[in-house]
Number of protein chains: 2
Amino acid sequence: MFKSYNIVCMKQDKEVTIYDIADYLNISAATVSRGLKDHPTINKKTKKKILEAAQKLGYRSNAFASNLRTKQSKTIGVIVPRLNSYFMSTVIAGIESIANEEGYQLIISQSQEDEQKEAANAITLFNSRVDGIMVSLAANTKTTDHFKPFLEKNIPIVYFDRVVETPDSLTISIDNYKAAFEVTQHLIDKGCKRILHLGGNVNRNVYADRLAGYKAALKQAGLPTPDNLVFFSNLSEDAGVEAANYINNLKQKPDAVFSANDTCAAYCMIRLKQLGYKIPGNFLFAGFNNDPISKVVEPNLTTIAYPGYPMGQIAATHLINHLKGIADISSTNSVLLRHELIVRASTQK
Amino acid sequence: MFKSYNIVCMKQDKEVTIYDIADYLNISAATVSRGLKDHPTINKKTKKKILEAAQKLGYRSNAFASNLRTKQSKTIGVIVPRLNSYFMSTVIAGIESIANEEGYQLIISQSQEDEQKEAANAITLFNSRVDGIMVSLAANTKTTDHFKPFLEKNIPIVYFDRVVETPDSLTISIDNYKAAFEVTQHLIDKGCKRILHLGGNVNRNVYADRLAGYKAALKQAGLPTPDNLVFFSNLSEDAGVEAANYINNLKQKPDAVFSANDTCAAYCMIRLKQLGYKIPGNFLFAGFNNDPISKVVEPNLTTIAYPGYPMGQIAATHLINHLKGIADISSTNSVLLRHELIVRASTQK
DNA sequence: TTGTAGGCGTTATCAT
DNA sequence: ATGATAACGCCTACAA
């Protein structure tokens, strides 16, 4: 009878608790709790006994109870505009690698480039009591009011890539201004005089800074920057095609194109080639991101490489160090990662 | 004095609980609890009062306490080989869209194509008491023993894309065999007689089935399948280059290449072009996945499209329906999604 | 329809 | 170094 009862017990959902371990070893639950952690005042031998018993009885700690008690979740929330872009998924991979190592869970959600959804996701994360959040902003996000609840509760926020400088939070990005300046300077060095820019939503730092860097380089070189040399879009594949058509219709053609991302650049190039233009013969081309397609499109695309994986790792490391009390986020305002100009055939005449 | 005390209170971490709401309204906490849910036996008016008071007091429900009590986490675990691949991130995006809608959180981890890490992640998810898991297997995973704890506790498992058929769990994939058969048949229809296959790790269904479909099509057409016409690799960019070199060294050249993914196909093509071959002149080419690069590489790559986003949505829907008791996973063995042969320039002589 | 009361599994504060 | 005990916030029989 006993035996079958036991078997039933094993098979059922009876979770083993620290009390079961305590009973089994004839000690108190408090001691078991200590033994399971790295509590300073615990006898090494009893700790060993406890660990063995836990193993033997099939114990697994109950995070809910622990979280309820300690009021922290060991969970980090992540909000990104889209998961299915090469760069973002690389960043997430980097974040995951650190979080996993440090024993933090990741709750990931996408804003679909929409401020409303970003706010909704923020609330959800807030309610699930994440210990901190990492955010890359949606294209149309105007304010960061929806993150205020976090600040009020001292839940740290790290912005990455598409950032906004605020007190109390950290931003991780590259120097988009400088990178764009360098690309543009590279085109100027190649002798270009009319460089067209394919720009993104200037609401976001990444695109505003790239535009500014582009303009600054032109200005420094004494080149004019007429309005019709900047073509704004969402930088999608379709936008690239439209940009090409736009260029085709321009009376005074540019001699180079600098796109704020590689996708738009690639599709613009492809369309221009269809229209009979030669690249780099008629236009030099440069993109941004070092997306996989930049190495496949013909001619290969000159671009700015910046490391998504490390960016994710660094962002996660800062956040977790802050949570662990090792380093304070608010002591640093922003971290700039190194970028690199990758010169390829599209700018080699 | 009072005022400043209150302000301090507001600013501090004093969380509002259902007891606070109860006190505020002079009702019991139990009623508040009911009011916050869709409990059948609650007065509509009191429910409204409760909701308003909750709003006013800044209440947010404590998932830990609730989870502890109800023993379910409203959380789904996801394990994928890599996050930073176009296909996977698209699937994840699909999963997220459904989970978010249904009020489930997602905990995501990557196995880095390693069975050990896959097992470790599984344990972590198990310990964090996810309600269910969704898995796409690592390349070198041999057994699914590390998922047994889930089955023992009746925690549902859905495998997607890189699946393994097991009782008690559901698999979501496409018919890789048929898709590969169709691609190969397409090449045969174009007059190809020696079709080389770039294959992946046959440990995984996706690659084994693609290989089998390829062989079956050849066999049906009465074409030989010598061993040296299959080149196995991890299908990376580098592997594509190696494959090209391999082809270059073959005495009897193939007249077509069918790669189990687009990346490998693209880099193989690029390298072959470097070596002076013409595509599609010397070799017709076909890939698999409809990766963004397939539309950019020249010539554009014939490939198999299959929808990652819907795959994620379907997998998540099945899992959640099972959790909600709407539909039982174990009543279905597998779901096959529709694929599509996309014919592009690389197979147009 | 609402209230009472007990417990979910842990950890922190005492005390021993 | 260990034990007893009281929370953490919520849910749910059961009683009223």
Side-chain angles (χ1 to χ4, degrees), chain A residues 9 12-51 53-54 57-75 103 105 126-131 153, chain B residues 12-51 53-54 57-75 103 126-131 153:
Chain A
C9 259
Q12 271 184 356
D13 289 328
K14 296 259 180 197
E15 289 284 347
V16 178
T17 73
I18 55 173
Y19 280 92
D20 299 322
I21 299 177
D23 288 354
Y24 181 80
L25 295 174
N26 273 315
I27 57 179
S28 81
T31 305
V32 175
S33 177
R34 293 186 189 106
L36 261 13
K37 313 263 164 258
D38 272 336
H39 197 93
T41 73
I42 183 120
N43 188 307
K44 289 212 171 183
K45 292 197 173 175
T46 48
K47 180 176 172 180
K48 199 182 162 200
K49 271 199 310 191
I50 290 166
L51 257 21
L57 300 179
Y59 167 82
R60 59 171 179 164
S61 83
N62 187 323
F64 304 150
S66 176
N67 292 342
L68 176 59
R69 196 47 236 257
T70 60
K71 303 189 174 202
Q72 59 149 354
S73 61
K74 291 281 263 178
T75 298
Q105 307 272 12
F126 183 68
N127 285 337
S128 62
R129 285 167 157 78
V130 294
D131 293 340
K153 291 228 182 289
Chain B
Q12 273 183 355
D13 288 328
K14 296 260 180 198
E15 288 285 346
V16 178
T17 73
I18 54 173
Y19 282 94
D20 298 322
I21 299 177
D23 288 353
Y24 181 79
L25 295 174
N26 272 316
I27 58 180
S28 81
T31 306
V32 175
S33 176
R34 293 185 187 106
L36 261 14
K37 313 263 163 263
D38 274 334
H39 197 93
T41 72
I42 181 112
N43 188 307
K44 287 210 171 185
K45 290 195 174 176
T46 48
K47 179 176 172 178
K48 198 182 162 198
K49 271 198 311 190
I50 290 166
L51 256 22
L57 301 180
Y59 168 81
R60 59 170 180 165
S61 84
N62 186 321
F64 305 151
S66 175
N67 292 342
L68 177 59
R69 205 37 244 259
T70 61
K71 304 189 174 200
Q72 56 147 2
S73 60
K74 289 282 261 176
T75 297
F126 183 68
N127 285 337
S128 63
R129 286 167 157 79
V130 294
D131 293 341
K153 292 228 182 286

A/S66 side chain near C/dG9 phosphate (N/O to OP1/OP2, under 4.0 Å):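 The answer is no; no side-chain N or O of A/S66 sits under 4.0 Å from OP1 or OP2.
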Identify the two heavy atoms, one from [X] and one from [Y], that lie closest to each other, and give their separation to 0.1 Å.
| X | Y | answer |
| --- | --- | --- |
| A/A22 | A/A29 | CB-N, 3.6 Å |
| A/R60 | B/N127 | CB-OD1, 3.3 Å |
| A/S73 | A/N67 | CA-OD1, 3.7 Å |
| A/A65 | B/L68 | CB-CD1, 3.8 Å |
| A/N43 | A/T46 | O-OG1, 2.8 Å |
| B/R34 | B/I42 | CB-CD1, 3.8 Å |

Derivation and outcome, side-chain contact (heavy atoms from CB on, under 4.5 Å), residues B/L36 and B/I18: CA-CA 9 Å; B/L36 261 14; B/I18 54 173; 3.7 Å; yes
Sugar-phosphate, base or nothing in reach of A/T17, heavy atoms under 4.0 Å: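 Sugar-phosphate contact only - A/T17 comes under 4.0 Å of backbone atoms but never of a base.
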Sugar-phosphate, base or nothing in reach of A/S33, heavy atoms under 4.0 Å: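 Contact class for A/S33: base.
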Nucleic acid contacts of residues 19-30 of chain A, taken as heavy-atom distances under 4.0 Å to DNA chain D: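 A/I27, A/S28, A/A30 - these, ordered by number, are the residues of the stretch whose heavy atoms sit under 4.0 Å from the strand.
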Atom-to-atom span, [atom1] of [X] to [atom2] of [N] - whole angstrom:
| X | N | atom1 | atom2 | value |
| --- | --- | --- | --- | --- |
| A/N67 | D/dA7 | CG | C1' | 16 Å |
| A/N62 | D/dC8 | CG | C1' | 13 Å |
| B/I18 | D/dC11 | CD1 | C1' | 8 Å |
| B/K45 | C/dT2 | NZ | C1' | 17 Å |
| B/K49 | C/dT1 | NZ | C1' | 12 Å |
| B/K37 | C/dT1 | NZ | P | 19 Å |

Would you mind telling me which of [options] lies closest to the side-chain atoms of [X]?
| X | options | result |
| --- | --- | --- |
| A/A65 | D/dT2, D/dG9, C/dT10 | C/dT10 |
| B/R69 | C/dG6, C/dT2, C/dT10 | C/dG6 |
| A/T31 | C/dG9, C/dA12, D/dG3 | D/dG3 |
| A/R34 | C/dT10, D/dT2, D/dT12 | D/dT2 |
| A/K71 | D/dC11, D/dT2, D/dG9 | D/dG9 |
| A/I42 | D/dT2, D/dG9, D/dC10 | D/dT2 |

Earlier contact from the 5' end, DNA chain C, for A/L36 and B/L68: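 Its nucleotide being nearer the 5' end, the pick is B/L68.
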From B/T17 atom OG1 to B/N62 atom CG, the distance as rounded to the nearest 0.5 Å: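 Output value for this atom pair is 9.5 Å.
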Partner residues of B/R129 under the salt bridge (Lys or Arg N to Asp or Glu O under 4.0 Å) criterion, sequence neighbours left out: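 Per chain and number, B/R129 pairs via salt bridge (Lys or Arg N to Asp or Glu O under 4.0 Å) with A/E15.
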Whichever of B/H39 and B/F64 has its nearest DNA chain D nucleotide further upstream toward 5':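 Looking at the nearest nucleotide for each, B/F64 comes out on the 5' side.
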Watson-Crick and G-U pairing of DNA chain D written in dot-bracket, each distance under 3.5 angstrom, with | for inter-strand partners: ||||||||||||||||
Steps toward side-chain contact (heavy atoms from CB on, under 4.5 Å) verdict (A/L25, A/I50): CA-CA 8 Å; A/L25 295 174; A/I50 290 166; 3.9 Å; yes
